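Values in this document were obtained by computation on a predicted structure and should not be read as measured data. So you know, we letter chains A, B, ... as the sequences are listed, proteins then strands, and number each from 1.
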Amino acid sequence: RKEVEQDPGPFNVPEGATVAFNCTYSNSASQSFFWYRQDCRKEPKLLMSVYSSGNEDGRFTAQLNRASQYISLLIRDSKLSDSATYLCVVTGGGGQNFVFGPGTRLSVLP
Amino acid sequence: DVKVTQSSRYLVKRTGEKVFLECVQDMDHENMFWYRQDPGLGLRLIYFSYDVKMKEKGDIPEGYSVSREKKERFSLILESASTNQTSMYLCATTGGISYEQYFGPGTRLTVT
């Protein structure tokens with residue numbers, strides 16, 4: 001079993017749609033969780049950290065369920081500019097051991 | 001703004017050549033990482049370094065070595081390039097209390 005797994009995608013959604021991505025991790029000792037965004041042929045960039053209480057940043061909401069070892073990302077009112085690959089990232093702490101999921105590709109269609 | 005630069009965006013090398021990929025960061029970060037990214041496999045950690053002259057193997061270190069002689073510079077070395085090392089190579093850093101990873105633009109290496 002892979003350490004971090006994500007929905008395989010791709011997700012093709014119309015503008016304005018709400019889309020949710022899921023991520024599961026296998027290491028119960030994991031401490032910090034993130035969503036990164038990677039545009040085509042570009043480097044990954046941090047989208048948001050994921051906190052136990054859940055957190056929201058504009059149209060984006062991230063949630064963490066430690067008991068189920070599950071992370072989610074919800075995007076509301078999708079924009080064309082949201083088209084990218086979304087990477088789930090888990091770390092055990094110490095800022096050194098990062099494990100990346102394979103990513104889920106999103107295409108928002110006009 | 002953190003800036004992470006990589007020596008080349010695109011590189012073509014022949015099988016058996018020695019290849020150097022360099023990464024430089026300007027934020028005085030302690031931790032530096034080398035990943036490779038392949039379709040369907042995601043990012044896989046090759047090596048990381050948490051201080052000058054310190055290095056730790058990641059998940060796929062075979063065929064690679066690294067060097068960190070200065071805090072701002074982390075080099076990845078392919079001692080004898082092979083075609084299965086054709087990939088996108090990404091350097092990243094973290095530092096301080098933040099676990100945010102800052103990535104360089106990547107080097108797309110093709111070994112023929």
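- Within 6.0 Å of atom CZ in R105(A), 12 or fewer heavy atoms from other residues, nucleotides or ligands are found, so the atom counts as exposed in its surroundings.
- To the nearest 0.5 Å, atoms CG (D59(B)) and CG (N97(A)) are separated by 8.0 Å.
- Note that the NZ atom of K45(A) and the CD atom of E100(B) stand 10.5 Å from one another [nearest 0.5 Å].
- The heavy-atom pair separating Y36(A) from Q101(B) by the smallest distance is OH-N, 2.7 Å.
- Each of M48(A) and L74(A) belongs to its own hydrophobic cluster when Ile, Leu, Val, Met, Phe, Trp and Tyr are linked at side-chain heavy-atom distances under 4.5 angstrom.
- With a 6.0 Å radius and a threshold of 12 heavy atoms from other residues, nucleotides or ligands, Y70(A) has its OH atom above the threshold.
- F98(A) has its ring centre no less than 6.0 Å from the ring centre of F48(B).
- When the side chains of ILVMFWY residues are joined at heavy-atom separations under 4.5 Å, either directly or via intervening members, L109(B) and F33(B) end up in two distinct hydrophobic clusters.
- Listed options G95(B), G104(B), G40(B) were ranked by heavy-atom pairs under 4.5 angstrom with chain A; first place goes to G104(B).
- Within the 4.5 angstrom heavy-atom criterion, atoms from both the backbone and the side chain of L43(B) approach chain A.
- A 6.0 Å sphere centred on CD of E72(B) holds more than 12 heavy atoms belonging to other residues, nucleotides or ligands.
- Rounding to the nearest 0.5 Å gives a distance of 6.5 Å between CD of Q38(A) and CG of L90(B).
- Using a 4.5 Å cut-off between side-chain heavy atoms of Ile, Leu, Val, Met, Phe, Trp and Tyr, with links allowed through other members, L78(B) and M88(B) fall into different hydrophobic clusters.
- The distance from the OH atom of Y102(B) to the CD atom of E43(A) is 12.5 Å, given to the nearest 0.5 Å.
- With a 4.5 Å cut-off on non-hydrogen atoms, R108(B) touches chain A through its side chain but not through its backbone.
- Chosen from P44(A), G101(A), P102(A), the residue pairing most often with chain B at heavy-atom distances under 4.5 Å is P44(A).
- Criterion: ILVMFWY side-chain heavy atoms under 4.5 Å apart, direct or through other members. Under it, L64(A) and V4(A) are part of a common hydrophobic cluster.
- Cluster membership for L73(A) and V19(A), using ILVMFWY side-chain heavy atoms within less than 4.5 angstrom, is shared.
- In this structure, T85(A) OG1 and Q37(B) CD are separated by 8.0 Å, a value rounded to the nearest 0.5 Å.
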